[in-house]
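One structure coming up, written as structure tokens, with questions to follow.
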2 protein chains.
Amino acid sequence: MPITVQNSNSTVEDIVARLTEAVHEHKVQPGTKLREDEVGEIFGVSRTLVRQALHTMEHSGLVTIERNRGAFVAKPTLKEAREVFEARALLEPQTAHAAALRTTADDIAALERHIENEHRAIEREQAGLALKLSGDFHLEIARIADQKIVEGFLHQLISRSSLVIALYWRRRNALCESNAHHALVKALRDRQADEAEELMKQHLLDLLTQLDLRERPSGPTSLRDVFS
Amino acid sequence: MPITVQNSNSTVEDIVARLTEAVHEHKVQPGTKLREDEVGEIFGVSRTLVRQALHTMEHSGLVTIERNRGAFVAKPTLKEAREVFEARALLEPQTAHAAALRTTADDIAALERHIENEHRAIEREQAGLALKLSGDFHLEIARIADQKIVEGFLHQLISRSSLVIALYWRRRNALCESNAHHALVKALRDRQADEAEELMKQHLLDLLTQLDLRERPSGPTSLRDVFS
DNA sequence: TAGGCATAAATTGTATACAATATGATTTAC
DNA sequence: GTAAATCATATTGTATACAATTTATGCCTA
């Protein structure tokens, strides 16, 4: 199903944001082809800007571009899926630690509002939105830690996590991780850096166990993928 | 001084590679403006491909693009410089550990040849080349560890490291770190994963102490940078 | 002479046109 | 009837043309 919105005069950033949102909320499946004309028509811009947007998304790992064949929503393999969470496990605990040492009252307030939104999304069974907000929560912590470069990496990793979850999530309905987020905020507020680090590590492990990263991925979209 | 090579029919990858090499070897200074038609003329392609190349390099942190103003060789601030090495310290020790568990005899041979080349470059006082090879050595270890995502991040970090070194290196002439690389290869060959991890951690600390990341960066290229 | 304004030149931003490649349908050979 | 080859179509790759913006130049005024 194509995206049903029809804008015009969008900027590259708009296109990236809208497409990213669609992927994050699982409105487009991994493997979906993104034709340049089609995307351009939807957003009311020429292929030039679409190409820029698609290249940007390729660099963030959300899109795969095959020469002369086009752009596709990325489809992480089992191995890549594991690597995403391994990399997050390397970066995020330390980020939580650093964030705890720098958090302001405003930051805490923003995080708590954020968790409110997450709860609301879960209550209303807006799974896609809840997932996106959950990712944003992690990014917000990186922002508080004031580590721009790591934040950029996390941006990529969390984007990819969304794809991984779309492909490998075990029980689609259950999504009840907000307790972990709440505990994290508490540790940040109390400046318990070590505690925050440990909570984050555990939180990521919990996420990982909810994924089915032991068996084979679902079938490929095209036979070509098998023999490439 | 402009790059003096004049090719034609280059691909985007060529342009990225050549420009990256020039930056790595400090043939173009941080802050240098990269005009699109100038680069296009040098490589014999239209602005279309140049733009793609510059955007790619922006994503890898080597180039900064300001809207309507153009592309510049990135000029890491003191804070960014520190963050680069902090991020490397988070990723690389674990990478070395993982590499030690997977290294083959061929890998060891390749690494030893690599160190040979580094020595040769240092002997011939080709500082730029030596620096590039040193970075490649670290990337090679990530490749051996078979961690694609972390390898991608390291690619960015090592690129940026080159800029950092260009700006903040204390003693330009001294470049004698190959002992550390040799010790690392030894640990990898002997499957001493913990040892390799520790050596890498120490190696990165040594690099950091050779940088002058305590004081102010050198003056900006344009006054505009000061007040932006 | 210094500052500001208008104008011209240079440079980047975006759309379009054409070329190259891949995809799919039809034909042809066996 | 199947498989290979051929052609037509669709899609991406690259260059060019034009628009928007910035930067530089010269003129005017105080």
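Computed over heavy atoms, backbone and side chain alike; hydrogens, waters and symmetry mates excluded. Chain identifiers are assigned alphabetically (A, B, ...) following the order of the sequence lines, protein sequences preceding nucleic acid strands; residue numbering begins at 1 within each chain.
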>> For B:E151, give me all partners under salt bridge (charged side-chain N to carboxylate O under 4.0 Å, His left out), at least two apart in sequence or on another chain.
In response: none

> Tell me: CZ of B:F72 to P of D:dT22, nearest whole Å?
Replying inline: 13 Å

> More than 12 foreign heavy atoms under 6.0 Å from NZ of A:K79: is that the case here?
Replying inline: yes

>> How many whole angstroms separate atom CD1 of A:I65 from atom C1' of D:dT11?
In response: 14 Å

> Can you tell me how far P of C:dT12 sits from CD of B:E58, to the nearest Å?
Replying inline: 14 Å

Enumerate all atom pairs, one protein N or O and one N or O from nucleotides 15-17 of chain D, separated by less than 3.5 Å.
from	atom 1	to	atom 2	distance (Å)
D:dA15	OP2	B:S46	N	3.2
D:dA15	OP2	B:S46	OG	2.9
D:dA15	N7	B:T48	OG1	2.7

>> Just to verify, what does B:E13 make a side-chain hydrogen bond (donor to acceptor under 3.5 Å, both in side chains) with, not counting sequence neighbours?
In response: B:T11

> CZ of A:R67 versus C1' of C:dA20: gap in Å, rounded?
Replying inline: 9 Å

>> Holding to ring pair (Phe, Tyr, Trp, His ring centres under 6.0 Å), I want the full list of residues that pass it with A:H59, two or more places apart in sequence or in another chain.
In response: B:H59

Between the protein and nucleotides 6-11 of chain C, which nitrogen or oxygen pairs are less than 3.5 angstrom apart?
from	atom 1	to	atom 2	distance (Å)
C:dT11	OP1	B:R35	NE	3.4
C:dT11	OP2	B:R35	NH1	3.4

> D:dT14 C1' sits how many Å from B:F43 CZ, rounded?
Replying inline: 17 Å

> With a cut-off of 6.0 Å (strictly less than), are more than 12 heavy atoms of other residues, nucleotides or ligands near NZ of B:K148?
Replying inline: no

>> Just the rounded figure in Å: distance from C1' of D:dT14 to CD of A:Q52.
In response: 15 Å

> Whole Å only: how far is the CD atom of A:E13 from the C1' atom of C:dT14?
Replying inline: 14 Å

For a quick test of your reading: what N or O donor-acceptor pairs under 3.5 Å do the side chains of residues 84-93 of chain B make, sequence neighbours left out?
from	atom 1	to	atom 2	distance (Å)
B:R88	NE	B:E92	OE2	2.5
B:R88	NH1	B:S161	OG	2.8
B:R88	NH2	B:E92	OE2	2.9
B:R88	NH2	B:H138	ND1	3.1
B:E92	OE1	B:H138	ND1	2.9

> Under 3.5 Å, side chain of A:D107 to main-chain N/O of A:T104, donor-acceptor pair present?
Replying inline: yes

> Strictly by modelled atom types, are B:H114 and B:H181 linked by a side-chain donor-acceptor pair under 3.5 Å?
Replying inline: no

